[in-house]
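The structure is given below, and queries will be raised subsequently.
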Amino acid sequence: MTAVPALPTVPVQVFGGPTALIEYGGLRLLTDPTFDAPGDYPRGDGRFLTKTLPGTVDPAALGPVDAVLLSHDEHPDNLDHGGRALLADVPLTLTTRGGAERLGGTARGLAPWEQVELGPVTITAVPAQHGPDGSEPVIGEVIGFVLTGDGLPVVYVSGDNASLDVVQRIADRVGPVDTAVLFAGAARVGLFDNALLTLDSTRAARAARILGARRVVPVHYDSWAHFTEGREALLAAFAEAGLADVLELP
């Protein structure tokens, strides 16, 4: 019986917060770009988000980026000043429909399940729910992404999603994924009785199992004060779930 060749491992470099560079099908795809120094970001009504650590890469040192996969543009922990400046030099930014209208330039808005062909790669926008049920009118529209291509492994980029029901719908539609880039961190800002706005570590492990993921690369779990769970919580949750071998952390 002829052995089936293993699919290649997708290189993913994580630069802090939600920002990662995915090399896939000959493309260089950057998630939610954030590069600013630590500081406070006013959010109105006396509220603010606090960045605690700088990004680990100078955007000038990234090299060419073929497209930005931007889950949403309305929150500074997903798109800060340095990230916005980078978009002007990127040939394509895929984001929400409202985000594309606000950003202009090369931004293209996608509805959930809408697809874009970029060379040999199909990029599918998928649902994301940035909080509990009913939170979208307050929090805003968010999307994730699934990357596919002939002879390439399936990659899922969750964006800011807190719902395992959403993960299940994606798994039902796209089947098992090879690499899941999961936005974790258990983000909380006091809204909706301080409900989760992204996956906590336990839910990230459950998402990995739902997706049948061979590999999980967490992002969005450090560098901001409203991320309430970090590296150690992820390690513990995946170990508890018997999934320590799929977790890829520096």
Side-chain angles (χ1 to χ4, degrees), residues 9-22 31-32 34 52-53 69-72 75 77-78 112 125-133 135 139 142-147 153-189 191-192 194-250:
T9 297
V10 176
V12 181
Q13 300 179 65
V14 179
F15 301 124
T19 308
L21 182 67
I22 303 169
T31 65
D32 292 16
T34 55
T52 58
L53 295 170
L69 307 179
L70 178 61
S71 68
H72 59 301
H75 300 150
D77 59 318
N78 297 90
V126 295
Q129 183 176 304
H130 195 1
D133 292 347
S135 60
I139 297 294
V142 181
I143 56 171
F145 303 91
V146 169
L147 312 178
V154 178
V155 175
Y156 167 55
V157 179
S158 73
D160 277 0
N161 173 61
S163 170
L164 291 177
D165 289 341
V166 166
V167 174
Q168 185 66 64
R169 294 204 306 270
I170 293 165
D172 290 344
R173 187 141 171 177
V174 306
V177 307
D178 179 84
T179 296
V181 179
L182 296 182
F183 287 42
R188 303 177 193 268
V189 297
L191 295 173
F192 312 110
N194 212 31
L196 287 168
L197 303 183
T198 58
L199 297 172
D200 63 9
S201 301
T202 298
R203 289 188 184 193
R206 290 173 62 190
R209 192 172 297 282
I210 290 167
L211 293 161
R214 181 188 66 83
R215 173 182 176 229
V216 172
V217 181
V219 298
H220 200 275
Y221 64 88
D222 62 11
S223 305
W224 291 83
H226 62 290
F227 297 174
T228 63
E229 293 183 5
R231 185 177 189 276
E232 295 307 315
L234 283 162
L235 288 168
F238 275 73
E240 177 68 22
L243 296 172
D245 59 330
V246 310
L247 186 65
E248 184 173 297
L249 280 170

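Remember, it's a predicted structure, so these values are computed and weren't measured experimentally.
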TODO: Quick one: closest heavy-atom pair of Gly17 and Ser223, and the distance?
DONE: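 The answer is N-OG, 3.6 Å.
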
- [ ] For Thr52 and Ala225, indicate whether the former's side chain and the latter's backbone hold a donor-acceptor pair under 3.5 Å.
- [x] no

- [ ] For Phe183 and Pro18, work out which heavy atoms get closest and say how close.
- [x] CE2-CB, 3.6 Å

Open item on the list: Side chains of Val146 and Val177, heavy atoms from C-beta outward: is any pair under 4.5 Å?
Closed with: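 Result no, sub-4.5 Å side-chain heavy-atom pair not found.
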
- [ ] Tell me, please, which residues at least two apart from Glu248 pass side-chain contact (heavy atoms from CB on, under 4.5 Å).
- [x] Arg215, Val217

Task: Gap separating the CG atom of Leu164 from the CG atom of Leu199, nearest 0.5 angstrom - done: 6.0 Å

Task: Taking every non-hydrogen atom, the tightest pair across Ala171 and Leu211 - done: CB-CD2, 4.1 Å

Task: Over all atoms of both residues, closest heavy-atom pair of Gly144 and Ala128 - done: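 The answer is N-CB, 4.0 Å.
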
Open item on the list: Could you go through His130 and Thr198, starting from their C-alpha distance and side-chain angles, then the distance that decides it, and tell me whether this counts as side-chain contact (heavy atoms from CB on, under 4.5 Å)?
Closed with: CA-CA 6 Å; His130 195 1; Thr198 58; 4.1 Å; yes

Open item on the list: Are Pro153 and Val10 packed together at the side-chain level, in the sense that at least one heavy-atom pair is separated by less than 4.5 angstrom?
Closed with: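 Side-chain contact under 4.5 Å: yes.
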
Task: Leu249 and Tyr221, any side-chain heavy atoms less than 4.5 Å apart - done: yes

TODO: State, yes or no, whether a side-chain contact exists between Tyr156 and Leu182 at a heavy-atom distance under 4.5 Å.
DONE: yes

- [ ] Applying side-chain contact (heavy atoms from CB on, under 4.5 Å), name anything that partners Val246, two or more places apart in sequence or on another chain.
- [x]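 Result, side-chain contact (heavy atoms from CB on, under 4.5 Å) vs Val246: Val216, Phe238, Leu243.
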
Open item on the list: Could you check whether any side-chain N or O of Thr179 sits under 3.5 Å from a backbone N or O of Val155, counting only pairs where one atom can act as donor and the other as acceptor?
Closed with: no

TODO: Measure the CZ-CG distance between Arg231 and Leu235 for me, rounded to the nearest 0.5 Å.
DONE: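 If I round to the nearest 0.5 Å, the distance is 5.0 Å.
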
- [ ] Could you give me the CA-CA distance, side-chain angles and deciding distance for Thr34 and Asp77, then say whether side-chain contact (heavy atoms from CB on, under 4.5 Å) is met?
- [x] CA-CA 7 Å; Thr34 55; Asp77 59 318; 5.7 Å; no

Open item on the list: Does Gln168 have more than 12 heavy atoms from other residues, nucleotides or ligands lying within 6.0 Å of its CD?
Closed with: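 Enclosed.
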
Task: Minimal non-hydrogen separation, Ala237 against Ala205, with atom names - done: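 Nearest pair, atom of Ala237 first, then Ala205: O-CB, 4.0 Å.
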
Open item on the list: If you apply the rule side-chain contact (heavy atoms from CB on, under 4.5 Å), what do you find for Ile22 with Val157, and how did you get there?
Closed with: CA-CA 10 Å; Ile22 303 169; Val157 179; 3.7 Å; yes

TODO: State, to 0.1 Å, how close Pro127 and Arg169 come at their nearest heavy-atom pair, and which atoms those are.
DONE: CB-NH2, 4.0 Å

Open item on the list: With a 4.5 Å cut-off on side-chain heavy atoms, are Leu69 and Leu147 touching?
Closed with: yes

Task: Heavy-atom side-chain contact between Pro218 and Leu247 under 4.5 Å - done: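 Answer yes - side chains close enough.
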
TODO: Look up atom CG in Asn78 and atom OG1 in Thr31, then write down how far apart they are to the nearest 0.5 Å.
DONE: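 That separation rounds to 9.5 Å.
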
Open item on the list: Please check this pair: side chain of Arg203 against backbone of Ala162, looking for a donor-acceptor N/O pair closer than 3.5 Å.
Closed with: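 Present.
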
Task: Donor-acceptor contact below 3.5 Å, side chain Ser158 vs main chain Asn161 - done: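 Not at all, since once roles are kept as given, no pair shorter than 3.5 Å links the two residues.
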
- [ ] Using the six-membered ring wherever Trp is involved, compare the ring planes of Trp224 and Phe227 and label them parallel, tilted or perpendicular (cut-offs 30° and 60°).
- [x]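 Correct class here is tilted.
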
Open item on the list: Can you confirm whether His220 sits close enough to Asp160 that some side-chain heavy atom of one is under 4.5 Å from a side-chain heavy atom of the other?
Closed with: yes

Open item on the list: Does Glu229 form a side-chain contact (heavy atoms from CB on, under 4.5 Å) with Leu196? I'd like the steps, not just the answer.
Closed with: CA-CA 11 Å; Glu229 293 183 5; Leu196 287 168; over 6 Å; no

